[in-house]
Amino acid sequence: RTMETPHFNITFHQGEAALAEEVATIAEAVWAKMTKEFDSYPKRPTELVLIDPTDMANGYAMTLPVNTIVIFVTSPSEDSTLSLYADWTDTILTHEYAHILHLDTIEGLPKLLRYAFGRVININRASPGWIIEGLATFQETRHTPGGRGRSNIAHMIKRAAVLEDQFPPLGNLDGFQSAPPGGNLRYLFGQDFIQYIADNTREDVWTDWVHTYGGWIPFWLPTKRVMGKRFVPFYREWHSELKERYGAQADEVRSLGETPTRLISDGIASCMGPTWSPSGEQLVYSCAHPVDGASIQLLKEGEEEPQEE
């Protein structure tokens, strides 16, 4: 079935009518706040599809052939970087609709070319991944009470990268790497870098960026024109600010006394969900390894290495 609102066509499965009604109300509120933020107003309604194929929280947006958002109707688990939210529907729609408004904004000569060649003409799509995902994560943080910009899990990941001297270079903020945090780089570090630039320039700098680059030359980023200087000096200043911030936090913790720890995973796999057995003699947890795949690990009292179950 499809439910129509002034700015969305919401398609959903049987049994999800009540959810679709709730989503319709939230989606229109998201439209109001985000179109004002981006100063962009799509001409036709956005297709919004609700699906339930998995227990993982996710969603995605695309602008071809028409503006479309797909939402997995599952909320995040507590150990996810997505776990800080007041209303998950509001958070995920704010993030995905930010993508629509960002990527579909087009100005000047490229706009004329779109009339001739269709929607395949899209300059903002030719943005670095950390701008595409970082900007949407920045908006989910700015326009909801939660968001990954406030998440303690996200801060933990960024803090570890700074303190362990594994801070990603500017050229790798897109996160094309198998080592953790992998693709999370573009969301978490992208958001933080975008927030830093907004805090040190002006509130609407990224709205100006979207409209300027939307009428610009693909891959030739108008950083100096919009922000007054290029990304490299911003990046250096941002890195220094994070070193100072997280270094002060580490010093405060050390002054209170550190609890000794031991790493029991291999440092490569992403492990989560540790649970003690009722007797307290065994620890079980799950891991996802980039090479070996998923596994359940069991560590028994007195043993140094966990065993795969």
Side-chain angles (χ1 to χ4, degrees), residues 8 10 19-38 46 48 50-52 54-61 69-102 129-162 173 175 180-199 203-207 210 238 241-242 245-246 249 270 272-273:
F8 296 89
I10 304 173
L19 175 63
E21 291 277 2
E22 177 185 345
V23 168
T25 301
I26 295 173
E28 286 300 320
V30 168
W31 181 92
K33 66 183 179 182
M34 296 312 295
T35 51
K36 181 179 180 181
E37 170 72 28
F38 280 89
T46 297
L48 177 53
L50 307 180
I51 60 175
D52 191 15
T54 176
D55 289 333
M56 293 183 63
N58 209 342
Y60 58 89
I69 295 172
V70 178
I71 300 295
F72 296 9
V73 292
T74 302
S75 58
S77 59
E78 63 182 11
D79 54 4
S80 167
T81 58
L82 300 167
S83 60
L84 185 63
Y85 60 88
D87 184 303
W88 173 242
T89 302
D90 182 28
T91 301
I92 188 70
L93 282 177
T94 299
H95 181 100
E96 301 303 341
Y97 199 55
H99 280 319
I100 295 295
L101 297 176
H102 172 201
W130 67 265
I131 290 183
I132 293 175
E133 294 299 348
L135 183 57
T137 307
F138 168 75
Q139 298 297 348
E140 87 187 30
T141 304
R142 172 178 276 190
H143 290 284
T144 74
R148 278 166 280 192
R150 297 186 181 92
S151 166
N152 284 333
I153 297 176
H155 282 302
M156 174 186 68
I157 292 171
K158 291 181 287 187
R159 182 168 56 243
V162 170
L173 283 186
N184 256 326
L185 281 174
R186 70 190 71 171
Y187 295 86
L188 308 185
F189 289 81
Q191 180 276 330
D192 206 301
F193 189 28
I194 283 171
Q195 181 71 64
Y196 177 84
I197 291 173
D199 289 344
E203 185 177 3
D204 64 348
V205 66
W206 288 103
T207 300
V210 168
W238 168 57
E241 192 273 337
L242 289 181
R245 183 203 311 173
Y246 291 137
Q249 290 181 3
S270 177
M272 62 188 68

- Between Y187 and T81, is a side chain to side chain contact (heavy atoms under 4.5 Å, CB included) present by the stated rule, with each step listed? CA-CA 10 Å; Y187 295 86; T81 58; over 6 Å; no
Between F138 and L135, is the side chain to side chain contact (heavy atoms under 4.5 Å, CB included) condition met? List the steps.
CA-CA 5 Å; F138 168 75; L135 183 57; 3.9 Å; yes
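- The line from CD1 of I100 to CH2 of W31 is 14.5 Å long, rounded to the nearest 0.5 Å.
- Under the 3.5 Å distance criterion, the side-chain polar atoms of S83 are left unmatched by any main-chain donor or acceptor of D79.
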Start with the C-alpha gap between I131 and H102, add the side-chain angles, then the distance that decides, and say whether side chain to side chain contact (heavy atoms under 4.5 Å, CB included) holds.
CA-CA 10 Å; I131 290 183; H102 172 201; 4.1 Å; yes
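- At least one side-chain heavy atom of L242 sits less than 4.5 Å from a side-chain heavy atom of D192.
- Here the closest heavy-atom approach between residue E140 and residue T91 is recorded as CB-O, 4.2 Å.
- To the nearest 0.5 Å, the span separating NZ on K158 from CG on N184 amounts to 11.0 Å.
- Contact between A98 and F38 at its shortest, heavy atoms only, is O-CZ, 3.8 Å.
- At a cut-off of 3.5 Å, with distance as the only test, a side-chain donor of Q249 or R159 sits close to an acceptor on the other residue.
- Counting heavy atoms of neighbouring residues, nucleotides and ligands inside a 6.0 Å radius, atom CE of M272 exceeds 12 of them.
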L48 vs T46, test: side chain to side chain contact (heavy atoms under 4.5 Å, CB included). Steps then yes/no.
CA-CA 6 Å; L48 177 53; T46 297; 5.5 Å; no
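- Across every non-hydrogen atom of H99 and A61, the tightest pair is CB-CB, 3.8 Å.
- Taking both residues in full, the closest heavy atoms of T141 and R148 are given as OG1-N, 3.7 Å, listed atom of the first, atom of the second, then distance.
- A salt bridge is defined here as a Lys NZ or Arg NE, NH1 or NH2 lying under 4.0 Å from an Asp or Glu carboxylate O, and E241 with R245 meets this definition.
- The structure places NE2 of H143 at 14.0 Å from CG of L93, a figure rounded to the nearest 0.5 Å.
- Summarising the geometry, atom CD1 belonging to I157 is positioned 11.5 Å from atom CG belonging to N152; distances are rounded to the nearest 0.5 Å.
- The two residues Y85 and S75 come nearest to each other via the heavy atoms OH-CB, 3.5 Å.
- Without hydrogens or angle criteria, W88 side chain to T74 main chain gives a donor-acceptor distance under 3.5 Å.
- Classified by interplanar angle (parallel below 30°, tilted 30° to 60°, perpendicular above 60°), the ring pair W130/F193 is tilted.
- Residues T94 and K33 are in side-chain contact: their nearest non-hydrogen atoms beyond the backbone lie under 4.5 Å apart.
- Atom CG in N58 sits 5.0 Å away from atom CZ in F72 (nearest 0.5 Å).
- Interatomic distance, CD of E78 versus CD1 of I153, reported as 8.5 Å (0.5 Å rounding).
- Under the 3.5 Å distance criterion, the side-chain polar atoms of Q139 are left unmatched by any main-chain donor or acceptor of M34.
- The closest donor-acceptor contact from the side chain of W206 to the backbone of I194 lies under 3.5 Å.
- If you check the side chains of Y246 and H155, you find a donor sitting under 3.5 Å from an acceptor.
- Between the side chain of D87 and the backbone N or O of D90, at least one donor-acceptor pair lies under 3.5 Å.
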